A.B. asks: 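Here you go, one structure.
Owing to the predicted nature of the structure, the values given are computational and were not obtained by experimental measurement. Counting starts at 1 for both ligands and their atoms, following the listed order.
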Amino acid sequence: MTGTPKREGRGARDRLIDTEVVRHLATRVLGRSLLIFRSVDSTNDLLRSDAFRNAPAGTVIAAEEQRKGRGRLDRVWEAPLFRALLFSVLVEARGGAAEAALANLVAALAVADAVQDVEGPSLDIRWPNDLVANDRKVCGILSEFRSDRGALVVGIGLNVNQTEEELPPNAASLRTLAGRAFPRVPILAAILNRFEEHLDVLREGGFEPLRARIEARSSLVGRTVTLDLGAGRTLTAPALGIGPSGGLILALPDGPREFLAGEVLRVSV
Ligand code: BTN
C-alpha cells in the first residue's frame with residue numbers, strides 16, 4: 001500500500017473512555033453508572049427520557065457531540081466533536097425546587113474547583129450557573145427537575161479544547177485561556193468528585209459553608225448588574241453577595257434584597 005499515513009492532530013486521541021474516567025473517580029455515587037456516547041441529541045434529554053426512568057441516582061451520561069444540545073432559555077448549545085465536556089448527572093433532590101436551585105449553584109462551584117484541581121485557569125461564577133473568565137463564558141449549566149423521580153438532571157457544558165475560531169463570541173475555553181490543550185478525562189472525574197463532595201456538604205451542613213465559597217468566586221459581587229426579572233421587567237443595582245437561599249443580593253434604595261431568579265443582562269466594568 002502506498003501513500004502517507006494521515007497524521008492525527010494534537011488531542012485527536014483525547015477520547016472519553018469510561019474505564020479511564022472511573023479510574024480517576026473518588027465518588028460513592030456520582031459516575032458509578034456512567035455511559036459515554038459518541039453522538040446524542042442532548043445528554044439532558046436522554047437522561048430525562050423513559051429509557052432512563054429507573055436509572056440510579058448519580059447516573060452520568062456524557063457525549064462527544066450533541067446534535068441538539070440545549071442551553072437555558074431555549075438557546076442552542078454547540079461544541080465540535082471531542083473538544084468539550086458535555087454531560088448530565090442525575091442528582092437526588094427530594095427537597096424540591098429550592099434544593100434544586102442550590103444544587104445548581106453547587107455544580108458551578110464544583111466545575112470551578114475541579115478546573116483548579118487539574119491546574120487549569122481560574123474561573124468565576126456568574127450567578128446563577130455560568131462560569132466565566134474575564135466575562136467570557138466557559139461553562140453553562142442547565143438543570144431540569146424530574147418531578148416523577150424527585151431528581152434533578154444537571155447538564156454541564158464545559159468548553160475545554162475549542163480554539164478561538166470554534167467558539168461563539170464572548171466565549172472562551174480552557175485552552176484559549178491557558179494556551180494549552182487539556183485531557184478531558186481527569187477534568188470530568190474531578191468535576192464529579194467535587195460535585196459529590198459539595199452535595200454531601202449541602203445535605204449534611206446546609207448551604208452556608210458553600211455560600212461563602214461561591215460568593216468568593218462570584219463575577220458579579222461588587223459590580224452593578226442589570227437583571228431581567230421576566231415579564232419585561234429589568235432592574236439595575238449593585239450586587240452585594242449570594243444569599244442564604246442561593247439568590248443574588250442586590251442593593252436596592254430600600255435595602256438589600258435577595259433575588260432567587262433572573263437573567264443577568266449586563267454587568268458594569
Ligand atoms: C446555558 O448556559 O445556557 C446552559 C448550557 C448547558 C449545556 C449542557 S451540554 C450537556 C447538557 N445537554 C444539553 O443539551 N445541555 C446541557
Side-chain angles (χ1 to χ4, degrees), residues 16 21 30-31 34-49 51-52 55 58-91 93 100-101 103-112 114-115 123-133 135-146 151-162 166-174 184-185 187-189 191-192 195 214 218-220 227-228 230 246 248 261-267:
L16 294 176
V21 178
L30 298 198
L34 168 68
L35 292 110
I36 298 173
F37 294 88
R38 179 174 168 115
S39 186
V40 299
D41 280 350
S42 151
T43 56
N44 264 37
D45 289 349
L46 191 54
L47 195 48
R48 292 168 69 220
S49 71
F52 287 87
T59 295
V60 172
I61 295 182
E64 296 286 17
E65 175 188 60
Q66 297 185 118
R67 293 181 295 266
K68 294 182 189 160
R70 293 188 293 110
R72 291 191 304 132
L73 307 172
D74 291 330
R75 297 187 185 122
V76 294
W77 186 266
E78 289 178 325
L81 188 68
F82 302 131
R83 291 289 216 228
L85 279 173
L86 309 164
F87 63 101
S88 302
V89 186
L90 190 66
V91 174
N104 214 14
L105 210 45
V106 161
L109 178 65
V111 175
V115 169
L123 302 180
D124 298 328
I125 298 171
R126 185 169 62 197
W127 179 90
N129 47 11
D130 286 345
L131 286 153
V132 297
D135 289 325
R136 287 174 159 241
K137 183 156 166 171
V138 181
C139 176
I141 300 175
L142 175 67
S143 295
E144 297 177 301
F145 198 59
R146 271 190 70 155
L152 191 66
V153 172
V154 180
I156 299 179
L158 174 64
N159 297 333
V160 181
N161 287 326
Q162 289 103 315
E166 292 169 334
L167 289 162
N170 296 322
S173 69
L174 302 185
R184 292 172 304 149
V185 162
I187 306 177
L188 174 55
I191 294 172
L192 297 175
F195 195 17
I214 291 165
S218 168
S219 72
L220 302 180
L227 260 195
D228 181 349
L248 184 67
E263 177 76 2
V264 176
L265 294 179
R266 271 185 310 281
V267 187

A.B. asks: Show the protein residues that qualify under the rule heavy atom under 4.0 Å from an atom of ligand 1, listing them in chain and number order.
C.D. replies: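 Lining ligand 1 at under 4.0 Å, by heavy atoms, one finds S42, T43, N44, Q66, G69, R70, G71, R72, W77, L86, F87, S88, D130, K137, G140, I141, L142, G155, I156, G157.
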A.B. asks: With sequence neighbours excluded, what pairs up with E166 under the salt bridge (Lys or Arg N to Asp or Glu O under 4.0 Å) test?
C.D. replies: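 For E166, the residues satisfying salt bridge (Lys or Arg N to Asp or Glu O under 4.0 Å) (neighbours in sequence not counted) are R83.
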A.B. asks: Can you tell me how far the CG atom of N44 sits from the CG atom of L142, to the nearest 0.5 Å?
C.D. replies: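 Interatomic distance, N44 CG to L142 CG, rounded to 0.5 Å: 5.0 Å.
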A.B. asks: May I ask you to decide if L47's main-chain N or O and R146's side chain share a donor-acceptor pair within less than 3.5 Å?
C.D. replies: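 The answer is yes, because a donor-acceptor pair under 3.5 Å joins these two groups.
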A.B. asks: Could you work out, with side-chain contact (heavy atoms from CB on, under 4.5 Å) as the rule, every residue matching A172, not counting sequence neighbours?
C.D. replies: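 For A172, the residues satisfying side-chain contact (heavy atoms from CB on, under 4.5 Å) (neighbours in sequence not counted) are R136, V138, T176, L177.
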A.B. asks: Could you list the residues that satisfy salt bridge (Lys or Arg N to Asp or Glu O under 4.0 Å) with R266, not counting sequence neighbours?
C.D. replies: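 With sequence neighbours excluded, R266 shows a salt bridge (Lys or Arg N to Asp or Glu O under 4.0 Å) to no residue whatsoever.
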A.B. asks: Indicate yes or no for a side-chain donor-acceptor contact from R184 to the backbone of A84 under 3.5 Å, with no hydrogens or angles considered.
C.D. replies: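 Between the backbone of A84 and the side chain of R184 there is a qualifying donor-acceptor contact (under 3.5 Å).
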